[in-house]
Amino acid sequence: MNKIDTSGYFIKRLRDNGYIVMRIFDKYAPEDTRKWTICVSPGRESILITCYKYIEEFKVVFELNDGGNKWPRNYYIKTSSLNVILNELAEKEVTVNDINSPFYKER
C-alpha cells in the first residue's frame, strides 16, 4: 500500500497528473514535525508543499505555500487522500504539462 506521506509516491502521482515537481528538502531534524518539502510548477506558481507528520490527531498534514497568491498563508490540508491535493491544485488552475518550462523533462 502506498502512503501519502512518502515523497516518492506523492511526487509520482503529481507527475502522472501532468505537474512539474522538484524535490526541495527532506533532511529535517528528528524533533521537527516537517517530513519533506517539494515545489510544484516551479517558475510559474512555484507552490511549496510541505508534509508534516503527526500533528494533533492527524497522522499527516500538508501545507501549501505560494506566497499568498492563490492560497492564504499557512494554508493546511489534513487528508489521507492524494486526490484531495490534486483537486485543490486543479481548482486553483495550477499549470500542468508546461513543455515550455525550463524544468520540463520528457519521460
Side-chain angles (χ1 to χ4, degrees):
M1 179 175 169
N2 294 315
K3 297 171 84 177
I4 191 171
D5 63 338
T6 304
S7 64
Y9 172 73
F10 196 95
I11 290 168
K12 180 185 182 329
R13 287 283 307 276
L14 288 174
R15 287 180 177 160
D16 288 349
N17 282 274
Y19 293 100
I20 296 173
V21 182
M22 295 177 63
R23 292 176 191 271
I24 302 295
F25 195 72
D26 66 356
K27 304 289 186 225
Y28 292 104
E31 62 275 4
D32 197 324
T33 58
R34 293 174 293 178
K35 195 167 180 183
W36 47 259
T37 302
I38 62 172
C39 183
V40 177
S41 191
R44 300 281 302 227
E45 289 91 351
S46 299
I47 302 153
L48 296 177
I49 299 179
T50 300
C51 175
Y52 290 83
K53 54 189 173 186
Y54 308 112
I55 295 180
E56 298 169 10
E57 71 275 10
F58 296 94
K59 289 190 177 182
V60 63
V61 175
F62 299 94
E63 178 185 16
L64 280 68
N65 183 344
D66 69 344
N69 293 308
K70 293 186 183 217
W71 287 276
R73 295 185 190 276
N74 301 318
Y75 184 78
Y76 294 94
I77 298 177
K78 300 168 186 169
T79 184
S80 59
S81 170
L82 197 73
N83 288 333
V84 171
I85 304 291
L86 291 170
N87 288 338
E88 186 74 27
L89 295 173
E91 284 177 15
K92 299 291 187 181
E93 300 178 346
V94 175
T95 306
V96 295
N97 296 320
D98 183 5
I99 61 172
N100 296 317
S101 169
F103 304 103
Y104 179 82
K105 294 180 185 163
E106 187 133 352
R107 290 184 227 140

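The figures here come from the full heavy-atom set of this structure, side chains too, leaving out hydrogens, waters and symmetry mates.
- The only member of Phe10, Tyr52, Tyr76 that meets ring pair (Phe, Tyr, Trp, His ring centres under 6.0 Å) when paired with Phe62 is Phe10.
- Remark: Ile11 CD1 to Ile20 CD1 distance equals 13.5 Å, nearest 0.5 Å.
- Atom CZ of Arg13 sits about 8.0 Å away from atom CD1 of Ile4, to the nearest 0.5 Å.
- There is a path of hydrophobic side-chain contacts, each under 4.5 Å, that joins Val60 to Val21.
- Linking ILVMFWY residues whenever their side-chain heavy atoms come closer than 4.5 Å, directly or via other members, leaves Phe25 and Val61 in distinct clusters.
- Asn17 places none of its side-chain heavy atoms less than 4.5 Å from the side chain of Val96.
- The side-chain heavy atoms of Ile47 and Leu89, taken from C-beta on, include a pair separated by under 4.5 Å.
- In this structure, Ile24 is not a member of the same hydrophobic cluster as Leu64, with clusters built from ILVMFWY side-chain heavy atoms closer than 4.5 Å.
- Between the CZ atom of Arg23 and the OG1 atom of Thr37 there is a distance of 12.0 Å, given to the nearest 0.5 Å.
- Hydrophobic cluster membership differs between Leu48 and Val84, with clusters built from Ile, Leu, Val, Met, Phe, Trp and Tyr side chains linked at under 4.5 angstrom.
- No side-chain donor-acceptor contact under 3.5 Å links Arg34 to the backbone of Thr50.
- Taken from SG in Cys39 to CD in Glu45, the straight-line distance is 9.5 Å, to the nearest 0.5 Å.
- Remark: Lys92 NZ is packed, more than 12 non-hydrogen atoms of other residues, nucleotides or ligands lying under 6.0 Å away.
- Contact annotation: the side chain of Leu86 approaches that of Asn83 to within less than 4.5 Å [non-hydrogen atoms, C-beta and beyond].
- The distance from atom CG of Asn97 to atom OH of Tyr19, rounded to the nearest 0.5 Å, is 9.5 Å.
- Here the shortest heavy-atom pairing between Lys70 and Asp66 reads N-OD2, 2.6 Å.
- Put simply, the side chain of Glu88 reaches to within 4.5 Å of the side chain of Trp71, judged on heavy atoms.
- Atom CD1 of Ile85 and atom CG of Leu14 lie 8.5 Å apart (nearest 0.5 Å).
- Taking the side chain as every heavy atom from C-beta outward, Lys53 and Asp5 never approach each other to under 4.5 Å.
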